[in-house]
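As the structure is a prediction and not an experimental result, all values here were calculated from the model.
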Amino acid sequence: MPFAMHSPMIRFPRKTRPWLLLGLVTTLFACALPTGAFAQQQNRLLRIAVYPHQGFTRVSLSFLSPPDYTLRVLPGRVRLEVRDADAPSFKKLRNLNDRLIAGVNASEARGVLNVSVPVRVADATAQAVSCANPSVLSIDIGPAMKRVNPVDIAPGREPILAGTERFVRDFDAEPGGVPFSPTDGKLLKELLPEGEALLFQQGESLLYRDRAEEAVNVFAVFDKKGDRVKALASYRLGEAYEKLGRHQEALASFRNAEALWPGYLNQAPELMQPYSDALARTGDFPGARRMLLHLMDRYIGTPYQAELLNRLADLIERNGQKEAALAMYRSVVMYAHGSAAAGRARLKLADRALFSISRDRYRQLLTKYQAIYGEPGDPSSRDEALFKMSLLLALYAPPKDALEAAVTYNRRYPRGIFSTVLSKMREEILFPVYQEAAAAGNDDALVRLAMDNREYLSRCFGDAGFAPRLSQAFEKTGKTAQELELFNYLDGKNWAASSAPFMLSRMVDDAVVLGNAPLAESTARDFLGRYPRDPNLGKVREQLGRLAFEKGDLPGTAAQLAFLKAPKAKASLPDSEYYLGKALQAAKDHGGAVRSLVRFTTGAKSGNPLLPDAYYNLAVELAEVKDYPHALAACQVGASVAGGEMVGQFLFKAGELQVKLGAVREAKASWEKATGMGGTWGKLAGEALNDLNWRMKIAGELP
């Protein structure tokens, strides 16, 4: 290791306090950092070597001392910027006969060495490679450096990886440090009247509560005051701008404040923290590092030392010095065990494997995140640890485990830092859980899944078969009311719009089943207005026809079901033909009534309670069009499916039809049978039989 603290030669007294040990570690790290951290000592590029490989070319640069650099991949070239360094011309390397790079150009401007490497291929990228010698920097350039998604994540989890990896890598977690400290009240009273001092303190309160935009408006009021007041306000303005991400304005405010009152930073050293952030974010890495090291020197031996070491590690890692940052994080874990700073450092160390670990080892990394989450620490670190646990399971674990982790995060941190990203992950992981339940035919599980995750079903609705399969599960489990509730909720969601017609039609069916006629009718009319060309249109109109029939509105029934009169029309609901037949019967459309009742009686399932009445009315309508044989046949079939007193009704009607056909003996037999059954129709049959006997006696036709 390049750092002395890892050498076996170093020994610490057993009774030394951890904070003092960490202070010594910090000093060792500071000594190990490039000398540009303390003095502008010139570095020099001594040698450049180019090594072609399969898929990439390695450019190795040997420096006098470890370089303070930034690597940039630009269109058509890769550029390395090394601060406080120079180099010979290296003219022989400006043109190279290499398949991937066209040459290496070195030039110096204002103390910055620029090494530019033109690239011959369009899809090339570059990465710095750590070497055993920290003074040697190797850069691999070529298409082989283009990162490929890990092949070992669970199949189908690529959308989760694509949606989270960039966010997680770019996410700037709070690295910790010295807490916010308000300006000394005595100093404010010396410089400002009481009212203005209170206003200044109000601005600091806003800043402390992360209301930086409002704080800017408060501190801007002091712009016309004396130098010292203006300096104090400028320091706070710089802090507010930095919180808002307005780094250039923050730096300008800090520099203005320092020019007005340069000694104040020694009185309020915590201001060096946002000041160094502004320097780093505007490209002055050496200046940021110097200021942060100066601040750390003020807090050696205190609990804030670990927080500031984390902050320094974060700073140098963003500048490309990953190995040095890793060593710092390990030191914080070792010497500040149990502290919030150690929790943050452990997160940084665990994150290294988050997107590259193989599926057979992900539980080892999960254990690390679980330990971080389980230990006391600051809420933001615990929030982040639980999120990383959820992400790890979403990428590598079985779908049910991943979904359970996502639900746990949403329950514990409904407004957490990562809640929005987690919601997207939950949407993605629901889809394979749904697929498993559907493949297993587990209808109860499907219903629970949809009801418990109604806000996160957008990915599932990407499958056109999801809504029909879910509706089938509701029907099989007898949970009609739950289906109506869920589909009513989903009807207003844009991501479910492709299935909205189907769901609305099912809401009509459900409301009918539940006996909620007003809801069924209003929903059906809503459907007709929104989806006049949908394939489910006919079924919805059939439900409206049924509702009209049940209200006694036979003209309304006929109007809604008129489309069934078309030659090739087919009812989705078999009973619709019965309702139409009865409505046409009332309208004296005998032919239309016959056709509808015939379609109903031939298509209805055995045991349909409407069949007896349908056969009777069919017989009546056939008689109206003088088709007595078929009318009699309808009576005979109807009597076989009827029960109770209605059998007598069929026998009475059959006797009438037999008389029409001249089958007097058969009519007499039908009425005699009906008379024997008693009841109203038996009485009418007896009267008809007596009348028949009297007429036949008069005519002398009886045997």
Side-chain angles (χ1 to χ4, degrees), residues 149-150 152-154 156-176 210 307 310-311 313-314 317-318 325-326 329 332-333 339-359 361-433 452-453 455-459:
N149 288 341
D152 216 19
I153 60 173
R157 310 296 171 83
E158 291 79 12
I160 297 176
L161 180 67
T164 58
E165 183 179 13
R166 180 67 180 271
F167 168 80
V168 172
R169 291 190 184 279
D170 292 348
F171 175 72
D172 273 338
E174 171 57 46
D210 287 327
E307 299 280 9
N310 268 345
R311 203 171 192 92
D314 182 70
E317 184 175 21
R318 277 191 275 118
L326 283 173
Y329 289 132
V332 173
V333 171
S339 68
R344 291 192 187 96
R346 290 172 69 187
L347 269 173
K348 288 289 188 179
L349 292 171
D351 288 349
R352 293 301 188 278
L354 183 58
F355 294 110
S356 59
I357 197 167
S358 59
R359 259 187 289 169
R361 296 178 55 216
Y362 81 89
R363 291 198 174 277
Q364 300 173 26
L365 183 57
L366 181 65
T367 301
K368 294 181 180 180
Y369 285 123
Q370 287 171 331
I372 297 168
Y373 177 74
E375 289 185 357
D378 69 288
S380 62
S381 292
R382 298 186 76 240
D383 181 348
E384 186 175 352
L386 188 61
F387 167 71
K388 297 290 175 59
M389 290 161 57
S390 302
L391 176 56
L392 192 66
L393 290 167
L395 291 173
Y396 299 100
K400 287 184 179 178
D401 293 347
L403 178 59
E404 184 180 350
V407 171
T408 298
Y409 180 91
N410 282 138
R411 185 172 59 249
R412 295 182 184 176
Y413 293 100
R415 298 178 185 83
I417 303 169
F418 305 96
S419 57
T420 301
V421 177
L422 207 290
S423 294
K424 295 295 182 184
M425 287 166 47
R426 186 169 173 179
E427 290 170 5
E428 286 292 339
I429 206 65
L430 267 172
F431 186 65
V433 178
D452 294 344
N453 299 276
E455 300 172 44
Y456 307 97
L457 295 172
S458 63
R459 174 65 182 88

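- Arg363 CZ to Ile357 CD1: the interatomic distance, rounded to the nearest 0.5 Å, is 11.5 Å.
- Interatomic distance, CE of Met389 versus OH of Tyr362, reported as 12.0 Å (0.5 Å rounding).
- For the atom pair Leu366 CG and Ser390 OG, the distance stands at 9.5 Å (nearest 0.5 Å).
- Atom CG of residue Leu386 and atom OG of residue Ser381 lie 12.5 Å apart, to the nearest 0.5 angstrom.
- Ile372 approaches Leu347 most closely through the heavy-atom pair CD1-N, 3.7 Å.
- Side-chain contact check for Tyr413 versus Arg382: some heavy-atom pair is nearer than 4.5 Å.
- Remark: side-chain polar atoms of Glu158 are paired, donor with acceptor, to backbone N or O of Gly156 under 3.5 angstrom.
- Counting only N and O atoms by type, the side chains of Tyr329 and Arg352 include no donor and acceptor under 3.5 Å apart.
- Rounding to the nearest 0.5 Å gives a distance of 15.5 Å between OH of Tyr396 and CG of Asp401.
- Using a 4.5 Å heavy-atom threshold, the side chains of Tyr369 and Leu354 count as touching.
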Discussion item. Quick one, Leu365 with Lys368, criterion side-chain contact (heavy atoms from CB on, under 4.5 Å). Give me CA distance, side-chain angles, the key distance, then yes/no.
Written reply: CA-CA 5 Å; Leu365 183 57; Lys368 294 181 180 180; 4.2 Å; yes
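- Between Ala405 and Leu393 the shortest heavy-atom distance is CB-CD1, 3.4 Å.
- Nearest heavy atom pair, residue Val333 against residue Ala345, reads CG2-CB, 3.7 Å.
- Nearest heavy atoms, Ala340 versus Glu307: CB-OE2, 4.1 Å.
- Proximity of Arg344 to Asp378: side-chain heavy atoms (C-beta onward) are separated by under 4.5 Å at one or more points.
- The backbone N or O of Ala394 sits less than 3.5 Å from a side-chain atom of Arg157, completing a donor-acceptor pair.
- Atom NZ of residue Lys348 and atom CD of residue Glu317 lie 5.5 Å apart, to the nearest 0.5 angstrom.
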Contacts under 3.5 angstrom, residues 417-430 side chains, donor-acceptor by atom type, not counting sequence neighbours:
from   : atom 1 : to     : atom 2 : distance (Å)
Ser419 : OG     : Gly416 : O      : 3.0
Ser423 : OG     : Ser419 : O      : 2.9
Arg426 : NE     : Asn453 : OD1    : 3.1
Arg426 : NH1    : Asn410 : OD1    : 2.8
Arg426 : NH2    : Asn453 : OD1    : 2.8
Glu427 : OE1    : Ser458 : OG     : 3.0
Glu428 : OE1    : Arg459 : NE     : 3.4

